[in-house]
Amino acid sequence: MTRKILVTSALPYANGSIHLGHLVEYIQTDIWVRFQKMQGNECYYVCADDTHGTPVMLRAQKEGITPETLIARMHTEHLSDFTSFHISFDNYYSTNSNENRALSESVFKRLQSANLISIREVEQFYDPEKKMFLPDRFIKGECPKCHAKDQYGDSCEVCGSAYDPIELIEPRSAISGVEPVRKSSEHYFFRLSECSQFLRKYATEAHLQPEAAHKMDEWFEQGLKDWDISRDAPYFGFEIPGTHEKYFYVWLDAPIGYMASFMNLAKRISLDFGEYWGADAKNELYHFIGKDILYFHALFWPATLHYSGFRTPTRIFAHGFLTVDGEKMSKSRGTFITARSFLEHFNPETLRYYFATKLTNHIEDIDLNFDNFISRVNSDLVGKFINIASRTAGFIQKQFQGKLASTLDNPGLLETFSKAAPIISDAYEAREYSRAIREIMRLSDLANLYIDENKPWIMAKNTNEDKRLHEVLTVAINAFRLLTLYLKPVLPAMAEKIEAFLQIPPMGFKDCNTYLLDHTIAPYEHLLQRVEMENAEKLIKANRDNLTSTVSREIMPDKDISISIEDFQRIDLRVAQILSAEIVEGSDKLLRLILDIGESKKTVLSGIRTSYSPEKLTNRLVIMVNNLIPKKMRFGLSEGMVLTAGDTDIFLIAPDIGAKPGMKIH
RNA sequence: GGUGAUGUAGCUCAGCUGGUUAGAGCACGGGAUUCAUAACCCCGGGGUCGGCAGUUCAAUUCUGCCCAUCACCA
């Protein structure tokens, strides 16, 4: 039976860039969603930018733009980062939408009629200069316990104690620096204390992870407190209906953003909203979240939903945080790594794979250790998995014109692979990705061992063993196909490349019992570069450097980096045509290119062999730096360089069709 | 401070409800091999399973205490 499933990840806040910590969650969720789709289930994955609240408002002010402009920019940036990491949202929306406003208002009104909203006076710090109430994080002062200076209003980073902002010694507004005054105002409260019976029941039914259930018990024991859901103007958010200058606290409308994003999707592709969110909806609903926001998702959110006439989540899946080299991510250490900078140094799928080897269904922190990352990617992905195709495909091409045999040498091996499908899919379903990966790597070892035992390279020398050779290779390629299928939720882009190589339609789990026989495959091209420690070092350095220049870069160009137009014009860039390309003997990476630049020819030694084979380059147009001082290398003279993009995967830069060799570039 | 989680080979981690000589991958040493981007295959060294007590015929696995690390405190 086809399950109907709606999945969400927590909404990233529109005040900062996506970093590797965020990606743990999106990658975890995306693997699960892709797995569900491969199982043939109807599964939708929605998310949105979380756009409201004081930090967004203040940042927009600081940049001199409207909050709407800021959140539009962040939305574009976030979505582009997610897309690069192959996060396959069915909808990526915004909490600042008409749907979300309508739903938030309606939820509020229904809670009001259920008599779950109360109004109370609250005394808070107020910045008399900025004329606004200050959230705890925007008040700084001396810690009342350990007397450390310059601590936030809610807790001390030095001694770790938590307190009320009013206890701070010599409090200051972090925005204006003036001393805040105490001022009272009317606040709206959601009477969570009235919901504890319902929530206790819900906590049991939702089958929370043991750690989460434990935490819930702790909260129940302490007694649930009412929740302040209003904020005073100025505030960027939705005004509360029937009030003047009172706004919904961002945490009220943020989870409603899940519904709003789905509503927007539902309209577009004609889904029934009620089947997913109605009070008695039967479809499944899952939220993936970080452990820090369990309180909001396991208490406020189900209560809000239930008492406003909607369904509650089927399950809530919490995960731990990311540490880097065993320590909390730190901007000054350069381990606060942004998604974007990772992409400049590594293939995104290497991170997806690494996280998959670490992720379990427990709320445990996972560690990014670069030594470990490099060894996992190089030995598992390149050395074990890809190696299977790499060491056999050549024979299929050369000896059998790319065609697989119609019979198998050892069907038993492939049966073992097929039989592993339920083990692997159970592990994915249970979010025990590390278990799935262990099993897949065990199978990869079996495949490599099988090839080793049968030694196709020996058989290839004896023509009388052709039939057996053909069958052995066919088993190997089929093993590779099944491994690809099993890894596909984790490595979607690579799986797509491999499907093109095997010339087969997109695979799903139902394909785990069929084999490719009497079928022609394409020539093999290498699928993944090894990763190197050097790149990790560059990545960390880039993030450390970025810290110091972030502020100035947003406001004015950095003088050290900026160049004048005259500086640029000193570089003589020309369109060039590759007349010939050949491998430089004795070198790992170099190709010798003979380039036509109109009036003359030049020789360039270029380190692009890892990404381009010479036979593919002849007649291509490229861009070359013509006035570079010629460099004498061990293998001869190089009279310039050709422009490329990327560090590990290298891409030649090419002019548009019609350009002629020798044309100057300005 | 309160609460929780974790602590198994150099590194990253498996070890289900307690039961024969505690496992894997990587790293390391030796061998074999050359099809594969030095990848792959075989063999090996290496662990008082954080410490101390207790329950038990038997504890890495259960209980208590201690130590260390990490996280959370709406």
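Values below: all heavy atoms of this structure, side chains included; hydrogens, waters and symmetry mates excluded. To find a chain, count down the sequence lines: A is the first, B the second, and so on, and within it residues start at 1.
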**Request:** Could you work out which one of B/U3, B/C40, B/U6 sits closest to the side chain of A/Glu364?
**Result:** B/U6
**Given B/A39, B/U34, B/A36, the nucleotide with the shortest approach to the side chain of A/Trp457** = B/U34
How far, in whole Å, is [M] from [N] if one measures between their [atom1] atoms?
N	M	atom1	answer
B/G45	B/A27	C1'	13 Å
B/C42	B/G51	C1'	40 Å
B/A38	B/G44	P	27 Å
B/G10	B/G50	P	13 Å
B/U56	B/G18	P	16 Å
B/C57	B/G1	C1'	45 Å
B/G2	B/C66	P	11 Å
B/C16	B/U61	C1'	11 Å

**Message:** Whether A/Arg231 engages the ring of A/Phe133 as a cation-pi pair (distance to the six-membered ring centre under 6.0 angstrom, angle to the ring normal within 45°) should be assessed.
**Reply:** no
**Prompt:** Taking the six-membered ring of A/Phe321 as reference, does the NZ or CZ atom of A/Lys291 fall below 6.0 Å from its centre and within a 45° cone about the axis?
**Reply:** yes
Between [N] ([atom2]) and [X] ([atom1]): distance, integer Å:
X	N	atom1	atom2	answer
A/Phe373	B/U12	CZ	P	16 Å
A/Lys461	B/C35	NZ	C1'	9 Å
A/Leu449	B/C42	CG	P	5 Å
A/Leu446	B/C41	CG	P	10 Å
A/Asn448	B/C42	CG	C1'	14 Å
A/Asn369	B/G10	CG	C1'	12 Å
A/Phe220	B/G4	CZ	C1'	17 Å
A/Ile374	B/C11	CD1	C1'	13 Å

Select base, sugar-phosphate, or nothing to describe what [X] touches, counting heavy atoms under 4.0 Å on all strands.
X	result
A/Arg438	sugar-phosphate
A/Asp365	sugar-phosphate
A/Lys455	nothing
A/Gly383	sugar-phosphate

**Asked** Of A/Lys358 and A/Arg435, whose nearest nucleotide on RNA chain B comes first from the 5' end?
**Response** A/Lys358
**Asked** Mapping A/Thr357 and A/Leu527 to their closest nucleotides on RNA chain B, which lands nearer the 5' end?
**Response** A/Thr357
**Prompt:** Given the side-chain rings of A/Tyr307 and A/Phe198, with only the six-membered ring counted for Trp, is the space between their centroids under 6.0 Å?
**Reply:** yes
**Prompt:** Mind checking whether A/Phe336 and A/His19 have ring centres under 6.0 Å apart?
**Reply:** yes
With the threshold set at 4.0 Å, does a side-chain nitrogen-carboxylate oxygen contact exist between [X] and [Y]?
X	Y	value
A/Arg468	A/Glu471	no
A/Arg191	A/Glu194	yes
A/Arg120	A/Asp228	no
A/Lys358	A/Asp367	no

Show the distances under 3.5 angstrom between N or O atoms of the protein and N or O atoms of nucleotides 24-27 of chain B.
{"residue": "B/G25", "atom": "O2'", "partner": "A/Arg376", "partner atom": "NH2", "Å": "2.7"}
{"residue": "B/C26", "atom": "O2'", "partner": "A/Ser375", "partner atom": "OG", "Å": "3.2"}

**Asked** Under 30°, 30 to 60°, or over 60°: which ring-plane class applies to A/Phe370 and A/Phe373, parallel, tilted or perpendicular?
**Response** perpendicular
**Item:** Parallel, tilted or perpendicular: rings of A/His287 and A/Tyr258 (30°, 60°)
**Value:** parallel
**Request:** For a ring pair (Phe, Tyr, Trp, His ring centres under 6.0 Å) with A/Phe300, tell me which candidate from A/Trp227, A/Phe190, A/Trp219 qualifies.
**Result:** A/Trp227
**Request:** Map every base of RNA chain B to its dot-bracket character, where paired means a Watson-Crick or G-U wobble contact with both distances under 3.5 Å and | marks a partner outside the strand.
**Result:** (((((((..((((.....[...)))).((((.........)))).....(((((..]....)))))))))))).
